[in-house]
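Letters A, B, ... mirror the listed sequences (proteins, then strands); counts begin at 1.
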There are 2 protein chains.
Amino acid sequence: MQPTLNDVAREAGVSSITVSRYFNSPDSVREATRVKVEAAIEKVGYVRNMIAGSLASASSRVIPVIVPSLSNVVFIDVIKGLQDEFEAHGYQLLLGKTDYDLARETQLIRTFLGWSAAGLVVTGLRHDDATRQILENWNQPIVEIMELGEGLDLNVGMDHVAAGRAMTEHLLARGYRTIHFAGAELDRDYRAAMRYAGHREALAAAGIEDAPLLDLPVRQQMTSGAQALERIKATFPDCDAIHFANDDMACGAILAAARLGVRIPDDIAIAGFNGLPIGEHVTPRLTTIVSPREQIGRMAARKLLARINGEPVGELSHDLGFTLRVGGST
Amino acid sequence: MQPTLNDVAREAGVSSITVSRYFNSPDSVREATRVKVEAAIEKVGYVRNMIAGSLASASSRVIPVIVPSLSNVVFIDVIKGLQDEFEAHGYQLLLGKTDYDLARETQLIRTFLGWSAAGLVVTGLRHDDATRQILENWNQPIVEIMELGEGLDLNVGMDHVAAGRAMTEHLLARGYRTIHFAGAELDRDYRAAMRYAGHREALAAAGIEDAPLLDLPVRQQMTSGAQALERIKATFPDCDAIHFANDDMACGAILAAARLGVRIPDDIAIAGFNGLPIGEHVTPRLTTIVSPREQIGRMAARKLLARINGEPVGELSHDLGFTLRVGGST
DNA sequence: TCGCTTAATGTTAGCGCTAACATGTTAGCG
DNA sequence: CGCTAACATGTTAGCGCTAACATTAAGCGA
């Protein structure tokens with residue numbers, strides 16, 4: 001049996017609430033008492049029972065994080081940012097994955113609320129009615145991450161429409177005119193679809209109404225990219241640029257180009273999205289939009305913790321922006 | 001205030017323990033009762049309080065997973081495997097990261113034990129004395145993952161020495177004789193150091209006593225790989241193969257080779273480790289060892305869950321092996 | 001030294017659930 | 001129809017901690 005607060009208290013010759021205070025508000029115990037308590041903790045080998053504490057205080061230092069996928073580097077970086085901040089402040093990250101299924105999201109949230117979570121991080125602004133209803137009645141802070149807009153509570157992300165527009169404006173400025181957009185399962189990856197919307201806006205603003213889209217079934221992203229290049233080259237010989245939904249696909253295309261004898265950017269320009277390291281290592285270097293992934297995680301965690309601690313959080317919606325990184329591929 | 005079991009019980013006209021049984025051993029409540037309880041749950045909008053349940057039963061459906069890093073794809077794949085299995089069985093994954101610091105590991109484990117965890121997944125077989133002592137006195141199942149050997153309890157992984165040996169044997173079989181090993185911070189990444197040990201064994205078996213090592217400080221893995229190639233090419237012109245500690249470095253080198261005018265494998269052969277997708281997209285394709293990352297996670301979870309449920313787990317130590325994937329780079 | 005304020009510690013009750021035991025209820029049999 | 005076994009449900013107590021209030025000790029100026 002693990003020793004309890006009472007065991008420590010007996011050993012230290014104080015009451016259990018004093019030991020509890022030693023942990024929860026150390027400033028409220030006298031130096032002499034602190035020393036006694038510390039010695040007792042050491043002696044009996046006490047480990048805090050977080051479960052009991054959470055039950056009594058009706059709040060646990062647990063923060064569920066709900067992401068759609070773990071196969072995607074994007075979310076890994078976000079989780080890293082979140083984890084770093086949470087760990088530094090004594091909070092635990094509880095990981096949930098929806099596989100892009102909104103019903104699954106509802107189910108996960110239900111379960112997580114049963115953990116008396118101190119807050120919640122959830123991906124995206126699109127939710128079930130059920131989820132929305134649960135969360136609206138929940139009075140702990142929530143951060144919706146990745147994109148921007150009218151949300152449930154706090155919101156940290158970037159503007160995907162603007163990112164898509166920025167890239168296409170860049171391509172137009174370089175003189176490309178027949179620009180295809182290539183993605184993988186855009187109905188699922190609706191943030192990529194938002195970038196495609198921005199892409200269309202930029203084309204329309206330049207008087208180009210036709211915005212051809214190649215939406216492939218996702219298998220392995222780099223493979224899809226290679227396939228997209230091949231298919232577009234074969235079917236649309238006058239296409240002069242491909243705006244990919246992400247760097248994996250774009251790099252897959254660049255690497256395939258060498259094998260296919262396609263010159264980049266002379267025969268066709270390639271653009272990506274995310275700013276992954278690999279983009280800097282392919283030849284030519286990939287033109288991409290650097291998304292602030294880890295930063296989103298970090299900022300989301302900070303805002304959430306601030307709200308939990310009753311500190312000011314500033315703007316409810318926080319735009320972390322993006323950077324266009326121009327390589328040789330466009 | 002959230003509704004409790006009592007609210008459901010009152011609504012259904014049964015006692016609270018019956019509702020508890022509805023959740024924990026559904027087979028022990030009558031069909032008619034089940035229907036009443038379900039209706040009541042729906043009506044009051046009940047959400048289980050896992051905290052209270054865990055306190056009362058002295059065990060929570062939480063499994064802490066301790067990894068050294070989240071920057072490394074390897075662990076992401078492992079986490080994915082674990083997460084999938086846990087989620088399917090109603091267990092929650094609590095994520096901890098040590099940054100390769102054994103003292104941090106001890107601290108994390110201490111905290112996690114306070115969660116009355118049902119089990120524990122921890123990376124590697126090397127631990128603090130403090131960690132070892134805590135875990136030896138803990139009577140819940142533990143899985144140590146990634147490598148093989150004499151462990152605390154269960155163990156799922158692969159033989160890194162054998163993997164290093166296998167790759168170098170392949171290189172020797174191809175006729176390469178002056179083979180350098182290149183890694184990044186091998187003291188920290190001691191599993192890579194084990195592969196280097198296997199590499200040395202293979203060389204020694206072939207009568208080659210000299211096993212040159214380039215151990216770079218880690219920055220970005222692909223960059224380190226490129227740098228390693230450049231440095232070895234400049235300093236050791238007779239080196240005919242580089243055995244890299246991982247695929248990121250190896251691919252960094254392959255991609256840099258094109259820029260540096262180094263022909264692979266004619267001027268120099270390149271080998272990696274992990275079997276990441278990118279290795280299949282570079283030209284020439286990377287020769288590498290495919291590590292069973294997601295499988296390790298999956299199997300670790302299965303064994304742990306089996307042990308938790310009192311089912312047979314089979315062998316304590318489970319070797320998931322590896323595959324040599326030969327590409328054009330060697 | 002006294003009386004007062006503030007700091008430090010203690011007492012009591014209860015968070016929401018489940019283990020363990022107790023009781024009631026049903027089905028099956030002679 | 002009564003008896004028993006097996007099943008279904010209920011009662012009680014308590015998991016280990018903390019909130020809220022109660023009490024005691026310490027500090028300090030006059």
Taking atom [atom2] of [N] as reference, at what distance in whole Å does atom [atom1] of [X] sit?
X       : N      : atom1 : atom2 : result
A/Asp27 : C/dT9  : CG    : P     : 13 Å
B/Asn49 : C/dG14 : CG    : P     : 18 Å
A/Met50 : C/dC15 : CE    : C1'   : 17 Å
A/Leu5  : D/dC15 : CG    : P     : 13 Å
B/Arg10 : D/dT9  : CZ    : P     : 19 Å
B/Ile51 : C/dG16 : CD1   : P     : 12 Å
B/Asp7  : C/dC15 : CG    : P     : 11 Å
A/Leu55 : C/dC15 : CG    : P     : 9 Å

Under 4.0 angstrom, heavy atoms only, what part of the nucleic acid is B/Phe23 near: base, sugar-phosphate, or nothing?
->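 Nothing, no nucleic acid heavy atom in range.
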
Would you mind classifying the nucleic acid contact of A/Tyr46 as base, sugar-phosphate or nothing, using non-hydrogen atoms under 4.0 angstrom?
->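 Sugar-phosphate only.
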
Taking 4.0 Å as the cut-off, does a side-chain nitrogen or oxygen of [X] come that near to OP1 or OP2 on [N]?
X       : N      : value
A/Asn24 : D/dT18 : yes
A/Ser54 : D/dC17 : no
B/Ser20 : C/dT18 : yes
B/Ser15 : D/dG10 : yes
B/Asn6  : C/dG16 : no
A/Arg30 : C/dT9  : yes

Is a donor-acceptor pair below 3.5 Å formed from side chain A/Arg21 to base C/dG10, judging by atom type as modelled?
->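 Indeed, a donor on one side and an acceptor on the other fall under 3.5 Å apart.
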
Identified salt bridge (Lys or Arg N to Asp or Glu O under 4.0 Å) partner of A/Glu85 from the options A/Lys303, A/Arg298, A/Lys80 =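 Per the salt bridge (Lys or Arg N to Asp or Glu O under 4.0 Å) rule, the option paired with A/Glu85 is A/Arg298, out of A/Lys303, A/Arg298, A/Lys80.
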
When A/Ile63 is tested against each of A/Leu120, A/Leu93, A/Val143, A/Leu304 for side chain to side chain contact (heavy atoms under 4.5 Å, CB included), which residue passes?
->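 When side chain to side chain contact (heavy atoms under 4.5 Å, CB included) is applied between A/Ile63 and each of A/Leu120, A/Leu93, A/Val143, A/Leu304, only A/Leu304 qualifies.
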
Salt bridge (Lys or Arg N to Asp or Glu O under 4.0 Å) evaluation trace for A/Glu105 with A/Arg110 | CA-CA 9 Å; A/Glu105 182 180 77; A/Arg110 241 189 247 284; over 6 Å; no

Counting only heavy atoms not in B/Glu311, do more than 12 fall under 6.0 Å of its CD?
->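 More than 12 heavy atoms, drawn from other residues, nucleotides or ligands, come within 6.0 Å of this atom.
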
Watson-Crick or G-U wobble partner of D/dG10, both distances under 3.5 Å =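 C/dC21 - that is the nucleotide pairing with D/dG10, both distances being under 3.5 Å.
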
Once you apply the 3.5 Å cut-off to both distances, tell me the Watson-Crick or G-U wobble partner of C/dG30, or none.
->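 Its partner is D/dC1.
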
Using the six-membered ring of A/Tyr190, assess whether NZ or CZ of A/Arg126 lies under 6.0 Å from its centre and within 45 degrees of the ring axis.
->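 Because its charged atom sits under 6.0 Å from the ring centre and within 45° of the axis, A/Arg126 does stack over A/Tyr190.
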
In terms of the nearest nucleotide of DNA chain D, which residue is placed more toward the 5' end: A/Ala56 or B/Ser16?
->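 It is B/Ser16, whose closest nucleotide lies nearer the 5' terminus.
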
Quick one: which of [options] gets closest to the side chain of [X]?
X       : options                : answer
B/Ser57 : C/dG10, C/dA19, D/dC15 : C/dA19
B/Thr18 : C/dC15, D/dG10, C/dT18 : D/dG10
A/Ile17 : C/dA19, D/dC17, C/dT11 : C/dT11

Are the charged groups of A/Asp99 and A/Lys97 less than 4.0 angstrom apart, N to O?
->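 So A/Asp99 pairs with A/Lys97 through a salt bridge.
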
